[in-house]
Amino acid sequence: MTALVEIRDLVYEYPGFRALHSISAEIEPATITALVGPNGAGKTTLLRCLAALEPPYSGAITLDGLDIHGEPRKSHEMMGYLSDFFGLYDKLSVEQCLTYRADAQGLDEADRQAAIEWAAKAVKLSDRLDQKAGELSRGLRQRLAIGQAIIHRPKLLLLDEPASGLDPEAREDLANLLLELREGGMTIVVSSHILAELEAYSSHMLIIDDGRIVDHTAIRSTEASEKPVRLAIELSEAHPDFEKLLKNEGELIEISKTAARLDITGGPDSRQSLLKRLVDAGLPVASFGPERVNLQDAYIERVREGRQS
Ligand code: ATP
């Protein structure tokens with residue numbers, strides 16, 4: 001697949017301090033990349049470079065083939081950005097904030113009202129259109145800022161710690177919103193320290209530490225592909241045919257008397273027929289499903305490995 005974003009040998013320096021050391025990465029369209037790393041790793045710096053707000057010392061970033069630092073205005077039409085600390089015009093109402101941003105993004109007047117209604121609905125602020133931004137709680141301000149960032153339905157959405165200040169329900173709403181936007185074709189890069197949440201919606205994880213990429217991996221397949229899925233199967237009690245039944249079903253990674261992990265291809269159909277065979281053969285299947293990737297464990301392991309090498 002052709003990448004939407006290409007970062008090539010990106011070096012960024014603050015006066016007297018190199019914050020990004022020759023970073024290269026590609027981001028595929030319609031993916032959600034979790035940008036993670038310890039405090040001071042360079043996440044905000046990288047997001048600001050991706051948003052064409054910081055010119056790099058060397059290297060380049062292209063968005064859909066466009067050199068973003070060569071053409072920042074054009075690239076801003078294609079991207080939305082929410083910084084970790086942002087300001088709102090407190091005296092404007094929610095509707096006025098969205099209108100201002102729609103105008104700033106150059107939306108046609110004909111499309112403007114629909115865009116405002118869509119963005120307000122997406123961030124669940126439709127019932128507060130008349131309230132002043134300065135009267136909103138922290139979480140509601142966060143939602144309005146996200147609404148502003150997506151009003152022009154950008155190809156690339158960059159969010160720096162968007163979940164901070166949101167209550168648990170709003171965090172779940174944010175996760176669902178990001179998934180919906182991705183389904184609509186948007187490509188999203190989101191930084192956060194809350195790995196359990198990123199796990200719920202991210203398709204890729206980009207780990208940086210000390211201004212360098214430590215790992216960049218797909219967390220789960222973004223399309224119904226022939227890639228194997230790792231299944232975790234658990235029995236409520238041992239059954240003599242467990243191993244025999246699984247042997248030819250895929251690559252058996254690990255098996256005990258009552259649990260197994262197995263890589264299986266063929267999508268949901270092959271999983272469904274395997275489950276049926278196990279149940280028909282009288283196996284007491286207690287749980288059966290794709291193994292959950294534990295982002296927190298993977299993250300800590302990679303960061304430690306990166307520091308040792
Ligand atoms: P956090 O998780 O704490 O938000 P981060 O991964 O977003 O951290 P950055 O804010 O990108 O990290 O900072 C990367 C490095 O650059 C840090 O060492 C930081 O101290 C340094 N840095 C950031 N802003 C400046 C600045 N304006 N001048 C000099 N150094 C800076």
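Whatever order the structure lists ligands and atoms in, that order sets their numbers, starting from 1. Every value quoted in this text rests on a predicted model; they were computed, and no experiment measured them.
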For atom 28 (N) of ligand 1, the option (of Phe17, Phe85, Tyr14) bearing the nearest heavy atom: Tyr14
Ligand 1 atoms in contact with His193 (distance to a heavy atom under 4.0 Å): 2 (O)
Derivation of the side chain to side chain contact (heavy atoms under 4.5 Å, CB included) call for Leu231 and Leu274: CA-CA 11 Å; Leu231 266 183; Leu274 170 61; 3.9 Å; yes
Under 4.0 Å to a heavy atom of Asn39 - the qualifying atoms of ligand 1, by number: 1 (P), 2 (O), 3 (O), 8 (O)
Interatomic distance, Asp160 atom CG to Thr44 atom OG1 [nearest 0.5 angstrom]: 3.5 Å
Atom pair CD (Glu135) and CG (Leu140), whose distance is rounded to the nearest 0.5 Å: 11.5 Å
Distance-only N or O hit between ligand 1 and Gly42, under 3.5 Å: yes
Heavy-atom protein contact below 4.0 Å for atom 20 (O) of ligand 1: no
Pro38 heavy atom under 4.0 Å from ligand 1: yes
Phe85 atom CZ, over 12 foreign heavy atoms within 6.0 Å: no
Numbered atoms and elements of ligand 1 in range of Thr45, under 4.0 angstrom, heavy atoms: 9 (P), 11 (O), 13 (O), 14 (C)
Asp84 N/O to ligand 1 N/O under 3.5 Å: no
N/O separation below 3.5 Å, Ala19 to ligand 1: no
Interatomic distance, Leu198 atom CG to His193 atom NE2 [nearest 0.5 angstrom]: 10.0 Å
Leu178 side, atom CG; Ile188 side, atom CD1 - distance, nearest 0.5 Å: 4.5 Å
Shortest heavy-atom approach to atom 4 (O) of ligand 1 - which of Ile208, Thr44, Val36: Thr44
Close N or O approach (Ala41, ligand 1; < 3.5 Å): yes
Separation of Met205 CE from Ile219 CD1 (nearest 0.5 Å): 5.5 Å
Parallel, tilted or perpendicular: rings of Tyr14 and Phe17 (30°, 60°): parallel
Heavy-atom nearest neighbour of atom 6 (O) of ligand 1 within options Lys43, Glu161, Arg48: Lys43
Separation between CG of Leu20 and CG of Leu46, rounded to the nearest 0.5 Å: 5.5 Å
Protein residue, atom and distance nearest to atom 14 (C) of ligand 1, heavy-atom basis: Gly40 O, 3.4 Å
